[in-house]
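In what follows, every chain begins at residue 1, and chains take the letters A, B, ... in the order their sequences are listed.
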Amino acid sequence: MKIAKVVVDVAASPIDSALDYEIPEHFQDIVQAGIRVIVPLGPRKVMGFVVGLTNHSEFDQLKPIQEVMDYTPILTKELINLSSWLRQETLCFRISALQAMLPAVFKASYDKEVWLLDEMDSLPASLQKAAGGREVFPFNDLSEAGLTDSQVKQYIKGQLIDIKYVVKGKNRVKTYTAVKKAVDDVNILEELEHLSLNAKKQREVLTYMLHQDEPILLKELTEELNTTKGPIDSLVKKGLLTMVKQEVYRDPFETKEHQSTKPLSLTELQQKAIEPILDSINETYYQTFLLHGVTGSGKTEIYLQSIQRVLDLGKEAIVLVPEIALTPQMVSRFKARFGSDVAVLHSGLSQGEKYDEWRKIHRKEVRVVVGARSAIFAPFEHLGIIIIDEEHEQTYKQEDYPKYHAREVAKKRASDHHCPVVLGSATPTLESYARALKGVYHLLELTERVNEQAMPEVEIVDMRQELLQGNRSMFSETLTDKINERIERKEQVVLMLNRRGYSTFVMCRECGETISCDHCDISMTYHSKQHKLKCHYCNDERPMPQICPNCESDAIRFFGTGTQKVEEALNLHFPNAGIIRMDVDTTSRKGAHEKLLEKFGNGEADILLGTQMIAKGLDFENVTLVGVIAADSMLHLPDFRASEKSFQLLTQVSGRAGRHQLPGEVVIQTYTPEHYSVELASQYDYEAFFNKEMQVRRQFQYPPYYYLALINISHDNHVEAVKVANEAANIIATHTTGNCQLMGPTPSPMLRIKDRYRYQCMLKYKRREDVDQALESVLNHFQKQINKSQLQLTIDLEPYHFM
DNA sequence: TTGCTCAATGGA
DNA sequence: CCATTGAGCAAC
């Protein structure tokens with residue numbers, strides 16, 4: 001008997017392995033690994049992935065596969081194996097791993113339907129009411145009509161109704177309706193003679209179609225002839241024309257023209273850097289390269305030429321870019337070189353658009369994919385290279401299950417495909433750079449900029465001094481002067497503000513009461529546009545109070561420095577300057593991000609003010625000044641990577657100035673000018689920063705010296721949360737082996753979010769084997785409680801977020 | 001995760 | 001006495 005191994009769409013530990021199903025005769029030729037099927041599971045029907053075929057099963061009573069959802073596999077063998085690996089690596093369910101690899105449209109949705117088995121009139125009144133004349137209707141309509149569960153149960157028993165489980169896929173192909181001739185021209189001419197004189201539009205349509213041998217889109221036709229669907233429908237009825245469905249891609253970039261580019265000649269340094277990569281491509285061996293190059297050192301050209309080599313060999317390439325950098329400019333650099341060979345995947349696309357881009361890869365219509373994190377799962381079968389640009393970006397780590405890091409997946413895939421991984425960054429993560437120095441990765445250094453321009457001069461301003469000298473504004477004298485200079489010279493300024501930790505909070509000046517969220521331990525943030533207070537964690541909002549809720553004084557004000565407030569201050573200090581503000585509020589609408597940048601690029605404003613999002617990838621030739629309003633804002637976060645993040649951010653934002661002819665300048669305002677992150681960033685000294693920070697990491701036993709596992713515990717009930725956290729810590733402590741250290745349990749930096757109390761344990765370890773047992777034990781021990789009480793317990797290996 | 005069974009609870 | 005609730009468990 002032919003048997004299929006199926007991973008069903010139920011995220012639960014007892015069935016977290018492939019189940020065996022019989023393949024019925026009529027599906028024998030169709031069922032293969034990588035397709036989706038619908039299978040019975042207990043009393044229900046669920047979607048599942050076929051992950052393999054076999055002849056034997058430990059079970060003798062196998063249920064048959066009920067339905068086949070795909071006729072060609074949507075997962076390759078490699079990806080199926082990768083899902084097992086991902087499950088082990090991130091401690092997620094196999095089904096979650098599989099789903100992470102596919103666009104969301106492949107997620108099944110489930111409907112429960114009620115089927116009437118008896119004549120309508122003979123049914124109880126309540127059932128008739130629920131049915132509303134329908135033979136089949138949604139299950140939910142039963143309870144809406146006021147039927148209780150036990151009533152429903154009786155009806156099922158009494159064979160009045162039946163419940164059917166329906167599994168639906170959402171992967172719809174977008175089609176347009178097109179019109180084409182159904183008969184020969186002779187017949188059309190004949191019809192034209194007989195056509196009633198009143199049918200003016202029909203005549204027009206027919207005459208037009210006479211010269212139209214290809215199908216024409218319905219929309220185009222009606223627009224062209226200024227008519228409606230009516231006359232065309234009549235002609236279809238007469239059998240003269242037919243409507244056909246044409247499959248189209250929802251290509252968001254299709255309309256844009258890309259000026260094609262040729263490979264540039266490489267500098268000596270670039271040449272030296274690219275050669276080992278090309279070797280690895282040619283000789284098909286796996287190797288991870290760390291391409292360490294300052295901004296403007298020509299990393300992209302190395303990527304492009306490596307990809308070209310891969311394509312020449314008939315293979316495929318994946319390029320990962322941080323979400324935020326996936327702008328049309330970025331994409332067009334790849335499209336300009338490789339034309340229609342490129343698919344783009346990022347979160348800004350609609351579900352349908354993502355599906356279409358994925359299909360281009362699946363059908364082998366493209367050989368290069370440029371995308372954000374999840375593009376690492378592109379279903380290529382002949383990978384020749386994987387490139388991760390801005391390797392240090394946090395966005396490569398997925399925050400929900402499966403909590404994978406794209407870099408690790410890349411290494412795994414590349415080793416399966418015997419091809420290189422290239423990690424590029426001006427400020428690599430300590431982990432990567434340490435590995436490169438140890439020889440685990442192959443280090444490639446690009447120490448010079450292609451145009452041989454110096455990096456912009458950085459000036460650090462001590463804001464404490466400013467305050468002492470009586471300057472209480474948020475702009476130092478230096479920054480103010482320099483901004484004025486640029487406005488006069490018609491040059492442009494980029495100002496960055498880290499909102500985090502510096503948002504506008506509301507406080508009463510009389511009694512000191514601050515307004516914090518009812519559900520989270522955080523003060524609410526004031527949004528002037530809507531004149532409302534919002535919580536950034538749970539999205540709760542409320543109107544800005546007129547009087548203090550505590551003492552009823554009207555002296556209630558907002559404090560702190562949000563982008564909105566800086567904008568107001570800018571308007572005050574530089575009344576003649578045009579300002580564009582970019583933050584979550586102004587860029588939430590689709591395409592708003594690009595529009596604002598375009599405006600700035602066209603010189604429609606003097607100052608671009610924004611959060612971190614402006615630190616990346618901006619390239620405007622007229623920008624000659626970059627200002628950082630408060631460099632320390634992220635230095636004091638409860639995160640051992642705070643210094644590293646600051647250094648990266650400051651280095652990156654500095655690179656926005658003077659990228660072309662005009663020389664650039666950078667002003668960093670800070671309250672801690674002596675901090676090594678600030679100081680070394682201003683000197684562009686990565687090596688020194690690396691050495692200094694490595695000492696700190698070694699002292700406190702953080703990565704890259706130790707690996708981390710973060711066990712997050714949260715519960716509605718504070719006491720219960722503490723109890724579980726302690727219990728978890730005990731279990732972990734008794735099950736670890738070798739060199740491990742358990743920290744905690746401690747309250748999370750944000751003790752309460754959305755009315756849940758949060759605790760964490762951190763486990764430091766050297767070898768995964770030493771903690772595997774402990775982690776498994778904790779998960780097993782709390783499994784039941786996780787299912788039915790308010791408890792949540794998650795494990796994050798190599799965590800990036802500690803809040 | 002969902003749905004089923006069985007036992008306990010409780011109102012009338 | 002029966003309906004409702006919840007704990008426990010199985011799912012190829």
Side-chain angles (χ1 to χ4, degrees), chain A residues 1-25 27-28 31-33 35-69 80 83-84 87 91-100 106-115 124 126 138-140 142-143 146-159 161-168 400-402 716-717 720 779-794:
Chain A
M1 187 168 56
K2 282 275 173 80
I3 292 162
K5 297 221 154 271
V6 178
V7 174
V8 293
D9 180 24
V10 175
S13 48
I15 45 173
D16 186 31
S17 54
L19 306 184
D20 297 341
Y21 284 91
E22 179 198 325
I23 306 174
E25 195 60 44
F27 286 148
Q28 301 258 321
V31 173
Q32 52 181 316
I35 66 164
R36 290 171 305 158
V37 289
I38 297 171
V39 291
L41 181 74
R44 346 176 237 161
K45 305 270 181 291
V46 295
M47 188 273 280
F49 292 94
V50 177
V51 295
L53 301 179
T54 174
N55 287 314
H56 302 283
S57 173
E58 289 177 31
F59 288 78
D60 13 80
Q61 277 305 85
L62 295 187
K63 290 187 185 173
I65 288 175
Q66 194 204 293
E67 199 75 65
V68 168
M69 289 177 89
I80 290 171
S83 73
S84 289
R87 171 177 168 272
L91 303 174
C92 71
F93 295 121
R94 181 89 184 270
I95 186 70
S96 314
L98 286 164
Q99 265 158 357
F106 286 114
K107 260 202 151 177
S109 57
Y110 297 95
D111 272 349
K112 254 166 114 177
E113 289 175 347
V114 181
W115 290 57
S126 54
F139 182 83
N140 283 349
L142 286 178
S143 54
L147 283 116
T148 64
D149 285 359
S150 45
Q151 273 174 302
V152 175
K153 217 170 172 182
Q154 282 205 334
Y155 294 151
I156 297 170
K157 239 186 198 161
Q159 306 241 312
I161 55 172
D162 191 16
I163 309 295
K164 292 206 172 156
Y165 298 85
V166 190
V167 183
K168 283 197 282 191
D400 30 57
Y401 279 121
D716 282 5
N717 181 317
E720 201 60 27
L779 281 178
N780 283 340
H781 186 267
F782 292 106
Q783 200 63 64
K784 277 182 203 150
Q785 287 183 58
I786 290 171
N787 289 344
K788 57 182 184 308
S789 75
Q790 302 304 324
L791 173 67
Q792 264 179 39
L793 187 147
T794 60

Can you tell which of Val68(A), Ile80(A), Val31(A) makes a side chain to side chain contact (heavy atoms under 4.5 Å, CB included) with Val50(A)?
Val31(A)
Looking for any heavy atom pair under 4.0 Å, which part of the strands does Pro40(A) touch: base, sugar-phosphate only, or nothing?
sugar-phosphate
Looking across every strand, which nucleic acid part, if any, lies under 4.0 Å from Ile15(A) by heavy atom: base, sugar-phosphate, or nothing?
base
What's the spacing between [X] [atom1] and [Y] [atom2] if we round to 0.5 Å?
| X | Y | atom1 | atom2 | answer |
| --- | --- | --- | --- | --- |
| Leu41(A) | Leu19(A) | CG | CG | 6.5 Å |
| Met47(A) | Ile38(A) | CE | CD1 | 9.0 Å |
| Asp9(A) | Lys107(A) | CG | NZ | 7.5 Å |
| Arg36(A) | Leu98(A) | CZ | CG | 12.0 Å |
| Leu779(A) | Thr794(A) | CG | OG1 | 9.0 Å |
| Phe49(A) | Arg94(A) | CZ | CZ | 10.5 Å |

Residues in side chain to side chain donor-acceptor pair (under 3.5 Å) contact with Ser17(A), at least two apart in sequence or another chain
none
Partners passing side chain to side chain donor-acceptor pair (under 3.5 Å) against Asp162(A) (at least two apart in sequence or in another chain)
none
Show each protein N/O and nucleotides 10-12 of chain B N/O combination with a separation under 3.5 Å, one pair to a line.
none

Nearest-angstrom distance from the residue atom [atom1] of [X] to [atom2] of [N]:
| X | N | atom1 | atom2 | result |
| --- | --- | --- | --- | --- |
| Gln66(A) | dC12(C) | CD | C1' | 15 Å |
| Asp20(A) | dC12(C) | CG | P | 11 Å |
| Ile95(A) | dA11(C) | CD1 | P | 19 Å |
| Gln61(A) | dA10(C) | CD | C1' | 16 Å |
| Glu22(A) | dA11(C) | CD | P | 17 Å |
| Phe59(A) | dA11(C) | CZ | C1' | 9 Å |

What are the residues of residues 46-57 of chain A, sorted by number, that bring a heavy atom to within less than 4.0 Å of DNA chain B?
none
What are the atom names and distances for every N/O pair under 3.5 Å that joins the protein to nucleotides 1-4 of chain C?
unit_1 : atom_1 : unit_2    : atom_2 : d
dT4(C) : OP2    : Ser150(A) : OG     : 2.6

Using the rule given for salt bridge (Lys or Arg N to Asp or Glu O under 4.0 Å), can you reason through Arg87(A) versus Asp16(A), listing the C-alpha separation, both sets of side-chain angles and the distance that settles it, and then say yes or no?
CA-CA 10 Å; Arg87(A) 171 177 168 272; Asp16(A) 186 31; 2.7 Å; yes
Donor-acceptor pair, side chain of Gln28(A) and main chain of Ile23(A), under 3.5 angstrom
yes
Taking the side chain from Tyr21(A) and the backbone from Pro40(A), do they hold a donor-acceptor pair closer than 3.5 Å?
yes
Below 3.5 Å between N/O atoms, which protein atoms pair up with nucleotides 2-6 of chain B? Just atom names and distances, please.
unit_1 : atom_1 : unit_2   : atom_2 : d
dT2(B) : O4'    : Arg44(A) : NE     : 3.4
dT2(B) : O4'    : Arg44(A) : NH1    : 3.0
dT2(B) : O4'    : Arg44(A) : NH2    : 3.2

Quick check on Lys2(A): does its NZ atom have over 12 non-hydrogen neighbours (other residues, nucleotides or ligands) under 6.0 Å away?
no
